[in-house]
Amino acid sequence: MKIYQTLVAAFSVAAVLSFAAGSAVAEPKDPDLTDPRVKRYIVGEKYSGYVVNEPETRDIQDDDFQNPAFLWVEQAQSLWSKADGKAGKSCESCHGNPEVSMKGSSASYPKIHKKKKTLLTVEHQINICREEYMKTKPWKWESDQMLGMSALVRMQSRDMPVNVNVGGEAKPYFEKGREFYFQRRGQLDLACTHCHVDNHGNKVRSEKLSQGMPTGFPTYRMKWQKLGSLHRRFRGCNKNIRAQPYKQGTPEYTALELYLMWRANGLPVESPSVRK
Amino acid sequence: MISGLFAALAAVAVVAAGSTASLAASKSKPPQKLVNYLVINEDSIPEYLSGRPGDPKQGRKLVISRKKGNCLACHKMPIPEKADHGGTGTDLTGVADRMTESQLRLRLVDPKRIIPDTMMPAFYKIQGLNRVLPKFKGKAILTAQEIEDIIAYIVTLKE
């Protein structure tokens with residue numbers, strides 16, 4: 001009898017505790033849309049994931065000294081001027097100061113490579129420079145070197161509006177990317193649109209959905225404990241609905257990146273961003 | 001009278017849920033055999049999928065479980081001990097006042113028959129899916145008994 005009572009008491013305490021703990025983490029406050037820091041990332045109907053971030057996460061992104069992504073950027077800054085490969089060249093040999101030569105360039109990627117006549121991301125272009133011009137090994141897509149270099153290049157376009165071209169030779173890629181975006185996939189049979197178009201602002205479990213904008217990549221994600229590429233995020237969003245993902249850098253994800261960047265046209269580049 | 005009966009009969013569709021599943025999935029395991037069921041008036045499934053009623057206690061666990069129903073991902077439900085209820089679907093509090101058990105069953109089994117562009121997954125279906133991860137290929141999200149357990153729980157959601 002005594003044991004029974006103690007058990008019941010213990011149970012109800014536990015129930016109360018878990019409820020209290022639960023409600024403490026719930027209900028992220030709606031962002032203050034008049035806050036100038038938030039306003040920068042809202043353009044017309046479009047807004048970036050920064051807006052649905054917790055205020056603490058926004059603070060970390062806004063301070064380059066706190067933003068952990070800058071550990072990778074610093075590494076890339078020293079790689080920039082280091083000769084590598086048979087041609088004996090560094091990025092600097094051809095591109096000089098990245099703050100000058102790379103200013104604004106990533107805002108129009110992915111784009112059609114003039115000679116290769118195919119759609120390429122910043123990462124693809126960096127590896128063309130390494131393989132063909134420096135005569136050295138390409139970096140793996142998700143390597144620290146590639147993530148850092150991609151962040152260094154992309155941050156030279158920070159605060160500049162995305163401006164990709166989807167006409168001309170880019171058109172078939174754009175159509176492919178759009179088709180991907182609207183296509184249901186996986187055991188849960190969902191398309192990107194179900195979450196990022198129809199339901200942004202609503203929550204899935206405790207996560208508030210954004211419009212799934214690509215403007216902050218590579219991004220430092222707390223969950224990853226490191227910097228990660230946009231294509232890694234695509235893989236995550238595919239796997240969450242039990243769909244088979246593609247590899248980073250594939251034509252499928254490159255076309256999808258173009259479609260997403262087109263959706264983001266006008267929003268400022270915010271690489272390297274910080275996310276939950 | 002006779003024509004009324006005829007119309008009612010015409011509205012009955014037998015769904016051979018598993019039979020034509022793609023054999024392309026056979027690299028891993030053969031697709032799961034799903035039980036056939038009757039759909040009445042494109043609106044409801046009157047019979048237990050598993051031939052017997054479910055267990056509401058088990059059903060309540062399944063709607064919470066992220067690996068199973070995960071209904072809380074999209075729905076608010078009267079489950080106060082969990083804080084993380086999503087908001088992309090309807091609030092299911094009182095849903096049994098709005099829908100019958102048979103209607104709820106079709107809602108779970110194959111909601112796209114009612115709302116083609118719905119976000120809600122079909123929980124008992126393996127056909128017509130695209131690029132399913134090999135681990136889940138040829139398998140429905142829930143078993144027939146799990147569907148019945150969840151039905152047994154959600155029919156209690158009255159206000």
Side-chain angles (χ1 to χ4, degrees), chain A residues 11-28 30 52 179-210 234-246 250 252-253 256 276, chain B residues 21-22 24-25 27-28 31-32 63-91 109-113 115-142:
Chain A
F11 177 75
S12 54
V13 169
V16 167
L17 277 180
S18 66
F19 182 50
S23 45
V25 290
E27 293 306 327
D30 282 330
V52 304
E179 194 183 310
F180 193 115
Y181 201 75
F182 281 84
Q183 188 167 40
R184 288 183 183 267
R185 62 191 68 235
Q187 194 193 33
L188 300 195
D189 206 21
L190 290 169
C192 316
T193 46
H194 286 113
C195 288
H196 294 302
V197 177
D198 301 342
N199 278 295
H200 64 83
N202 290 329
K203 283 191 295 174
V204 170
R205 284 280 181 163
S206 55
E207 262 200 283
K208 188 114 167 224
L209 287 165
S210 73
F234 291 167
R235 288 175 61 82
C237 280
N238 279 168
K239 286 192 280 187
N240 282 344
I241 54 165
R242 301 182 177 174
Q244 175 133 39
Y246 290 86
T250 50
E252 286 81 4
Y253 278 175
L256 184 60
K276 219 169 38 174
Chain B
S22 149
K27 232 203 271 160
S28 39
Q32 180 191 348
V63 304
I64 298 170
S65 160
R66 285 168 188 270
K67 295 223 160 105
K68 291 295 186 176
N70 199 17
C71 317
L72 288 189
C74 301
H75 291 285
K76 289 203 172 39
M77 298 177 88
I79 300 182
E81 77 274 20
K82 292 284 166 197
D84 52 350
H85 300 220
T88 66
T90 8
D91 189 335
V109 166
D110 193 0
K112 273 142 218 162
R113 288 181 77 116
I115 305 179
D117 61 351
T118 184
M119 184 188 189
M120 179 153 153
F123 284 92
Y124 197 70
K125 187 178 170 182
I126 53 184
Q127 289 162 252
L129 300 177
N130 171 30
R131 278 188 80 83
V132 176
L133 266 179
K135 203 171 128 193
F136 299 102
K137 231 178 188 164
K139 288 186 201 148
I141 304 172
L142 297 173

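The chains referred to below are lettered A, B, ... by the order of the sequence lines, with proteins before strands, and numbering in each begins at 1.
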**Under-4.0 Å salt bridge between A/Asp189 and B/Lys112** = yes
**Request:** Could you grab the distance from atom SG of B/Cys74 to atom CZ of A/Arg205, nearest 0.5 Å is fine?
**Result:** 9.5 Å
**Prompt:** Relative to chain B, which of A/Glu207, A/His194, A/Gln187, A/Arg184 shows the most heavy atom pairs under 4.5 Å?
**Reply:** A/Gln187
**Candidates B/Asn70, B/Asp84, B/Thr88 - the one meeting side chain to side chain contact (heavy atoms under 4.5 Å, CB included) with A/Val204** = B/Thr88
**Item:** Proximal component of A/Leu209, with respect to chain B [non-hydrogen, under 4.5 Å]
**Value:** side chain
**Asked** Relative to chain B, which segment of A/Leu190 carries a heavy atom at a distance below 4.5 Å: side chain, backbone, both, or neither?
**Response** side chain
**Message:** Quick check on the interface: out of B/Gly128, B/Gly86, B/Gly89, B/Pro121, who has the most heavy-atom pairs with chain A under 4.5 Å?
**Reply:** B/Gly86
**B/Arg131 side-chain N/O to A/Gln244 backbone N/O, donor-acceptor pair under 3.5 Å** = yes
**Item:** Set of side chain to side chain contact (heavy atoms under 4.5 Å, CB included) partners for A/Arg235, sequence neighbours left out
**Value:** A/Lys239, A/Pro245, A/Gln248, A/Tyr253
**Request:** With sequence neighbours excluded, tell me which residues meet side chain to side chain donor-acceptor pair (under 3.5 Å) with A/Asn202.
**Result:** A/Asn199
**Item:** Flag side-chain contact, heavy atom, 4.5 Å: B/Asn130 against A/Gln183
**Value:** yes
**Fill in**
Looking only at B/Lys135, B/Lys139, B/Arg66, most heavy-atom pairs under 4.5 Å shared with chain A are made by B/Arg66
**Prompt:** Any side-chain heavy-atom pair from A/Asn238 and B/Leu133 closer than 4.5 angstrom?
**Reply:** no
